[in-house]
Amino acid sequence: MNAGDTQRKPWIVGVSGASGTPYAASVLRALLAAGESVDLVVSRASRLTLLDETGISFRDAHWRADLEEWLSRGADGKPGTFRVSVDDVRYWAAGDLAAGPSSGSYATKGMLIVPASTASVAGVALGLSKDLLQRAASVTLKEGRRLVVCVRETPLNGTTLRHLVSLDEAGAIVLPASPAFYAGATHIQDLVDFVAGRVLDAADVPHQLYRRWKGELGSGSRDE
């Protein structure tokens, strides 16, 4: 461990198997752009979703190259859209229950689950800790740190709604992946960035991902 490690206090980003990997990519890019450190947990199910939505195989042994390729793509899948350094990302395998984020003594700012599947919502709400994503979220709650759950599913049945209420009562911020249109979106990336921006708002991380409401009707459609 070097001296920098003792100062490091990352955000944990958990990526579950729900559709919506562009949301996670946008959040990760914005955290790094804001100078935040990131601990990344990619669930086994999310690898299948990532492969389906981007064509990228996310591999433990080559996670850095795979992450750089993923984050370089826009929401339309075009490679080379963004230039991102992943030097301040630490990756933990989903099956590693001895990883740093599995313990409350491991210092973090909190955790963002984006996108959050209904399975991950249930696992965290019930305290199952079946993988590192769920365990890290449970630790985040018990330590009183900020947990943002960006649920991506529709419609929601009664069981999932009850799980979401349980998470809210436990102190989590439940943030559905619901894009808005008042910010003048003209591209799929704008809609993705709006949701990612709301996730970062909930985490009190500064960003410039979307145009904020200023109380003027029609302002989103005007150039500034």
Side-chain angles (χ1 to χ4, degrees), residues 1 4-5 7-51 53-54 56-73 75 82-104 106-117 119-120 123-124 129-140 143 145-150 152 175 177 192 195-196 199-200 202-203 205 207 209:
M1 178 182 293
D5 289 332
Q7 303 291 327
R8 190 174 182 274
K9 197 170 185 181
W11 282 99
I12 304 170
V13 176
V15 186
S16 81
S19 176
T21 55
Y23 292 130
S26 182
V27 166
L28 287 165
R29 285 192 298 263
L31 283 171
L32 295 171
E36 299 287 343
S37 299
V38 173
D39 275 23
L40 178 63
V41 181
V42 178
S43 76
R44 290 189 176 92
S46 69
R47 295 171 189 238
L48 298 176
T49 306
L50 186 62
L51 179 62
E53 294 184 346
T54 70
I56 296 172
S57 297
F58 196 92
R59 303 158 294 176
D60 285 347
H62 304 280
W63 70 266
R64 185 177 296 275
D66 295 338
L67 179 61
E68 287 178 343
E69 174 63 22
W70 176 24
L71 298 189
S72 78
R73 300 190 181 198
F82 299 97
R83 293 175 62 88
V84 182
S85 170
V86 298
D87 289 344
D88 208 0
V89 177
R90 180 177 292 173
Y91 172 73
W92 302 97
D96 185 3
L97 292 178
S102 68
S103 171
Y106 183 80
T108 73
K109 292 184 177 180
M111 182 172 183
L112 316 174
I113 306 178
V114 54
S117 65
S120 64
V124 177
S129 295
K130 73 166 190 170
D131 62 8
L132 182 58
L133 188 153
Q134 293 182 15
R135 172 60 184 168
S138 295
V139 168
T140 300
E143 295 295 324
R145 300 168 185 160
R146 191 162 306 191
L147 174 64
V148 181
V149 180
C150 184
R152 214 305 306 161
L175 196 153
V192 167
V195 172
V199 171
L200 294 178
V205 175
H207 66 87
L209 288 176

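By the 4.5 Å heavy-atom criterion applied to side chains, Leu28 and Trp70 are counted as neighbours. When side chains are defined from C-beta on, Arg146 does not count as touching Thr108, because their heavy atoms never get closer than 4.5 Å. Counting heavy atoms from C-beta outward, Val149 and Val124 have side chains that stay 4.5 Å or more apart. Using a 4.5 Å heavy-atom cutoff, the side chains of Leu132 and Ser102 are in contact. Looking at Val205 and His207, their side chains never come closer than 4.5 Å, going by heavy atoms from C-beta outward. Between Leu112 and Leu31 there is a side-chain heavy-atom pair separated by less than 4.5 Å. Residues Val38 and Pro10 have side chains not in contact (no heavy-atom distance under 4.5 Å, counting atoms from C-beta outward). Looking only at side-chain heavy atoms (C-beta outward), Val114 and Val148 stay at 4.5 Å or farther from each other.
Comment: Arg73 engages Glu69 in a salt bridge, judged by a side-chain N to carboxylate O separation of less than 4.0 angstrom.
Asp66 pairs by the side chain to side chain donor-acceptor pair (under 3.5 Å) definition with Arg59, not counting sequence neighbours. With sequence neighbours left out, Ser19 forms a side chain to side chain donor-acceptor pair (under 3.5 Å) with Glu53. Residues that satisfy the ring pair (Phe, Tyr, Trp, His ring centres under 6.0 Å) test with Tyr91, not counting sequence neighbours, are Phe58, Trp63.
Thr54 places a side-chain N or O within 3.5 Å of a backbone atom of Leu50 that can act as its donor or acceptor partner. Judged purely by atom type and a 3.5 angstrom limit, Ser46 uses its side chain to pair as donor or acceptor with the backbone of Val15.
A distance of 12.0 Å separates CD1 of Ile12 from OG of Ser37, quoted to the nearest 0.5 Å. To the nearest 0.5 Å, atom CG of residue Leu97 and atom OG of residue Ser103 are 12.5 Å apart. Rounding to the nearest 0.5 angstrom, the gap separating the OG atom in Ser57 from the CZ atom in Arg47 is 10.0 Å. Taking OG1 of Thr140 as the start and CZ of Arg135 as the end, the distance is 10.0 Å to the nearest 0.5 Å. The OG atom of Ser26 sits 10.0 Å away from atom CG of Leu71, with the distance rounded to the nearest 0.5 Å.
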For this session: Could you check Val89 against Arg64 for side-chain contact (heavy atoms from CB on, under 4.5 Å), going step by step and ending with a plain yes or no?
Result: CA-CA 9 Å; Val89 177; Arg64 185 177 296 275; over 6 Å; no

For this session: Evaluate the side-chain contact (heavy atoms from CB on, under 4.5 Å) criterion for residues Arg8 and Asp88: first the C-alpha distance (whole Å), next the side-chain angles of each, then the deciding distance (0.1 Å), finally the verdict.
Result: CA-CA 10 Å; Arg8 190 174 182 274; Asp88 208 0; 3.4 Å; yes

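The two residues Pro115 and Ala18 come nearest to each other via the heavy atoms CG-O, 3.4 Å. The two residues Pro101 and Asp39 come nearest to each other via the heavy atoms CG-OD2, 3.9 Å. Of all the heavy atoms in Ala99 and Trp92, the pair that sits closest is CB-CE3, 3.2 Å. Between Ala94 and Val41, the shortest heavy-atom contact is CA-CG1, 4.2 Å. Contact between Arg152 and Ala177 at its shortest, heavy atoms only, is CG-CB, 3.8 Å. Looking at every heavy atom in both residues, Glu36 comes nearest to Lys109 through OE1-NZ, 2.7 Å.
Geometric assessment of Arg29 against the ring of Phe82 yields a positive cation-pi assignment under the 6.0 Å and 45° thresholds.
For Arg44, the CZ atom is loosely surrounded, since the number of other residues' heavy atoms within 6.0 Å does not exceed 12.
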